[in-house]
Amino acid sequence: MPEIDGHTQLVGVMGWPVEHSLSPPMHNAAFAALGLNWCYMPFPVWPGKVEAAVQGLVALGFRGANVTVPHKQAVMSPLDNVASNAQALGAVNTIVIDRAGDANGPTGSAVTLAGYNTDDVGFIEALVRGGFVFNGRANGGHTAVVVGAGGAARAVVFGLLKAGVARVTVLNRTLERAKALVKALYPFAQTSASLRALPLVPETLIESSRAADLLVNATSVGMWPHVDASIWPNGVALPAHLHVFDLVYNPLETKLLRQVREAGAHAIDGLEMLVRQGGIAFALWTGQEPPLDVMRTACAQRLKP
Ligand code: ATR
């Protein structure tokens, strides 16, 4: 890490809890690799204190921040501009603080706060790097199954619809949440038949996966310490033609991905989405190309295999 001095540019992540975040080592490794005098810190921000924390960032001269659970929605109100995808997702995970007029002193109007969401594009970049080939409208377009209906699932479904995927089925344990997700993202679907919500039970998962080319786990099922859990039922062969993307990255090799490999299907782990969404934020703050290899290594060194 470069020596912190009077020129150091500050960014960080606001969340609750935030102590397990991999973003500080990932971004600090990237700054060091490019010789940038920047520093990234974790900030545990209490629920209800996010607006005060944003004002603190402005007052302290920060250049921006990441925002994570549970603040991605609440952080939107103090911002001046919110990118259209972040508006559609109802969530901001990156703030850029434009301090162009700062030299004039604390006028208030000198500083502009812009909100972005880097999760949807980060997911699509990771999917492509993981070997999924978008074939345009050939064969009638792609069919995807997304399991989960939280913020991560919302970003995934939005990214897939924007990428032109023809049909997305959202499965969730709580059907009402899947229906709410589908309702919110209907405006981005190609047709009314493009997006549907179903309850997550073995039958719907197996049936819809057979007809799909992509299955995404956007739930926390399989995450440490529940490493023996999987959304895919035991004893049922997973379709070998499927690409399966597990957003869980702790551990990297989830039970689901073991089932995928045993079936000879194509497995994509969650590390790359973490790296890609971070890379987009890095570029927004610094204007520089993110050193993705350095960022990937910094995260992988800290993850369970
Ligand atoms: P995030 O914003 O990170 O996506 P979240 O909003 O807490 O997190 O969503 C977690 C997702 O994992 C939800 O879809 C949740 O299902 P419910 O909506 O029914 O709660 C899903 N999930 C968590 N534990 C689960 C379990 N044991 N079985 C099935 N789904 C589970």
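Whatever order the structure lists ligands and atoms in, that order sets their numbers, starting from 1.
A ring-ring contact (aromatic ring centres under 6.0 Å, His included) with F282 is found for exactly one of F31, Y40, Y116, namely F31.
Partners of H71 according to the ring-ring contact (aromatic ring centres under 6.0 Å, His included) rule, which considers only residues two or more places apart in sequence or in another chain, do not exist here. For the ring-ring contact (aromatic ring centres under 6.0 Å, His included) test, residues two or more places apart in sequence or in another chain that qualify with F188 are F158. Under the side-chain contact (heavy atoms from CB on, under 4.5 Å) criterion, H266 pairs with H243, I268, not counting sequence neighbours.
A salt bridge between E253 and R258 is absent, with no side-chain N of the basic residue lying under 4.0 Å from a carboxylate O of the acidic one.
Contacts of ligand 1 (protein heavy-atom distance under 4.0 Å) are G148, A149, G150, G151, A152, N172, R173, T174, R177, T219, S220, V221.
Distance check, rounded to the nearest 0.5 Å: CG of L284 to CZ of R63 gives 12.0 Å.
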